[in-house]
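Structure first, commentary second.
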Amino acid sequence: QVQFVESGGGLVQPGGSLRLSCVASGSSFSIYAMGWYRQAPGKSREWVATIYSNGLKAYQDSVKGRFTISRDNAKNELYLQMNSLNSEDTAVYYCTRIPPSTWGQGTQVTISS
């Protein structure tokens, strides 16, 4: 069963940046679409971004122009570069295959002054 380990979260001031990373276990990473989800306190988990095996990308409207998803198939790693962060981005961020399969522990992102 594939496993995901997210890292890179932290406390950042509004307007700041963070880069999240996710390492996936197992083989065949490159053939899957991968994505980032997030869950804010008291809210349901929501989709943030997807990168397909051919490199095409899709984003939730609220993060377009601020977040960039990327992948390194040689390392089985997924990334999320987040810029111009605001309080609405505060959440636990998760990576997974698309459609979602298993979930890791996530990484906490907190935007606060």
Side-chain angles (χ1 to χ4, degrees):
Q1 187 177 16
V2 65
Q3 293 183 324
F4 305 104
V5 179
E6 302 91 343
S7 63
L11 173 63
V12 178
Q13 291 187 341
S17 298
L18 279 173
R19 185 180 189 237
L20 306 184
S21 298
C22 168
V23 179
S25 66
S27 59
S28 304
F29 174 83
S30 64
I31 70 173
Y32 291 100
M34 295 293 299
W36 287 95
Y37 283 71
R38 67 185 180 186
Q39 187 165 18
K43 296 186 177 181
S44 300
R45 192 171 299 181
E46 64 175 4
W47 168 76
V48 175
T50 295
I51 183 167
Y52 296 92
S53 58
N54 61 7
L56 289 176
K57 305 173 184 180
Y59 299 94
Q60 183 197 105
D61 285 347
S62 69
V63 307
K64 280 181 182 177
R66 300 189 299 122
F67 290 11
T68 302
I69 189 171
S70 61
R71 65 194 298 168
D72 186 332
N73 291 332
K75 295 181 179 179
N76 278 19
E77 292 188 1
L78 181 72
Y79 310 104
L80 187 67
Q81 177 67 43
M82 306 187 296
N83 300 326
S84 302
L85 288 161
N86 58 62
S87 59
E88 298 295 310
D89 298 316
T90 294
V92 179
Y93 285 71
Y94 303 87
C95 75
T96 188
R97 286 179 181 170
I98 301 298
S101 56
T102 58
W103 299 96
Q105 83 289 349
T107 186
Q108 176 70 49
V109 172
T110 303
I111 312 305
S112 176
S113 56

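Here the structure is a predicted model, which is why all the values come from computation and not from measurement.
Contacts of R38 classified as salt bridge (charged side-chain N to carboxylate O under 4.0 Å, His left out), with partners at least two apart in sequence or in another chain: E46, D89. Under the side-chain contact (heavy atoms from CB on, under 4.5 Å) criterion, V109 pairs with L18, L20, M82, Y93, I111, sequence neighbours left out.
Under the disulfide bond (SG atoms under 2.5 Å apart) criterion, the residue pairs touching residues 19-55 are C22-C95, with sequence neighbours excluded.
Closest approach of G9 and T107 over heavy atoms only: N-OG1, 2.9 Å. Across S53 and S30, no two heavy atoms sit closer than the pair CB-O, 3.3 Å. When all heavy atoms are compared, the tightest approach of Y52 to A33 is CD2-CB, 3.8 Å.
The shortest side-chain heavy-atom distance between Q108 and L11 does not fall under the 4.5 Å cut-off. Side-chain contact check for L78 versus F4: every heavy-atom pair is 4.5 Å or farther apart. By the 4.5 Å heavy-atom criterion applied to side chains, S17 and Q81 are counted as neighbours.
Side chain of N76 to backbone of G26: a donor-acceptor contact under 3.5 angstrom is found. Counting only distance, with no hydrogens or angles, the side chain of Q39 and the backbone of K43 share a donor-acceptor pair below 3.5 Å. A side-chain donor-acceptor contact under 3.5 Å links S25 to the backbone of Q3. Checking side-chain atoms of R97 against main-chain N and O of F29 turns up no donor-acceptor pair under 3.5 Å. A donor-acceptor contact shorter than 3.5 Å links the side chain of T96 to the backbone of T102. Looking only at distances, a side-chain donor or acceptor of Q105 sits under 3.5 Å from a matching main-chain atom of E6.
Here the two rings, on W36 and F67, have centers that are 6.0 Å apart or farther.
Transitive grouping of hydrophobic side chains (ILVMFWY, heavy atoms separated by less than 4.5 Å) brings Y59 and V48 into a common cluster. Grouping the Ile, Leu, Val, Met, Phe, Trp and Tyr side chains by contacts below 4.5 angstrom, directly or via other members, places Y37 apart from L85. Y94 and L80 fall into different hydrophobic clusters, defined by Ile, Leu, Val, Met, Phe, Trp and Tyr side-chain heavy atoms under 4.5 Å apart, directly or through other members.
Atom OG1 of T50 sits about 10.0 Å away from atom CE of M34, to the nearest 0.5 Å.
Checking E77 against Y79 by side-chain atom types alone, a donor-acceptor pair falls below 3.5 Å.
Heavy-atom contacts from other residues, nucleotides or ligands closer than 6.0 Å to NZ of K57 number more than 12.
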